[in-house]
Amino acid sequence: MKKPSYSVVIVIDRLDRPIGALPALQKMGAGERPREIFVCVGKNPSNQRNAGVKSCSTPLVYFLDDDSQVAEG
């Protein structure tokens with residue numbers, strides 16, 4: 001069975017520090033990576049998540065904090 005395509009929305013409040021979730025996503029195997037990643041910056045996480053979802057082209061969306069780590073599978 002083929003895994004469904006998915007998008008990732010990362011919500012951050014500022015750009016002056018590293019986004020820890022990005023390297024973790026890049027380390028995933030080619031068949032495990034999201035189709036698209038959106039980094040949404042601002043002070044209102046609800047608005048940022050909503051803006052990110054509007055940009056996604058996949059039916060499945062994961063929300064991550066900037067310091068989230070991901071595991072294979």
If you round to the nearest 0.5 Å, how far is CG of Leu22 from CD1 of Ile37?
6.0 Å

Contact summary for Gln48 and Lys43, nearest pair of heavy atoms
OE1-N, 3.5 Å

Interatomic distance, Leu25 atom CG to Glu32 atom CD [nearest 0.5 angstrom]
11.5 Å

Option among Val11, Asp66, Leu15 that satisfies the side-chain contact (heavy atoms from CB on, under 4.5 Å) test with Val41:
Leu15

Do Ile12 and Val61 land in one hydrophobic cluster if side-chain heavy atoms of ILVMFWY residues count as linked below 4.5 Å?
no

Separation of Leu64 CG from Gln69 CD (nearest 0.5 Å)
9.5 Å

Which value, rounded to the nearest 0.5 Å, describes the distance between Arg33 atom CZ and Gln26 atom CD?
8.0 Å

Just wondering, are more than 12 heavy atoms of other shown residues or ligands nearer than 6.0 Å to OH in Tyr62?
no

Under the criterion side-chain contact (heavy atoms from CB on, under 4.5 Å), I'd like the reasoning laid out for Val53 against Phe38: C-alpha separation, chi angles, the key distance, then a yes or no.
CA-CA 9 Å; Val53 166; Phe38 296 97; over 6 Å; no

On a heavy-atom basis, which atom in Arg35 and which in Ser57 lie closest, and how many Å separate them?
NH1-OG, 3.8 Å

Would you check if there is a donor-acceptor pair between the side chains of Thr58 and Ser7 at a distance under 3.5 Å?
yes

Step by step, work out the side-chain contact (heavy atoms from CB on, under 4.5 Å) result for Cys56 and Glu36.
CA-CA 7 Å; Cys56 294; Glu36 50 197 13; 3.7 Å; yes

List the atom of Ser5, the atom of Pro59, and the distance in Å for their closest heavy-atom pair.
O-CD, 4.2 Å

Taking Phe63 as the starting point, is it possible to reach Met28 by hopping between hydrophobic residues whose side chains are less than 4.5 Å apart?
no

Indicate the atoms forming the closest heavy-atom contact of Leu60 with Pro4, along with that distance.
CD2-CG, 4.3 Å

Out of curiosity, Ile10 CD1 to Ile19 CD1, how far, rounded to the nearest 0.5 Å?
6.0 Å

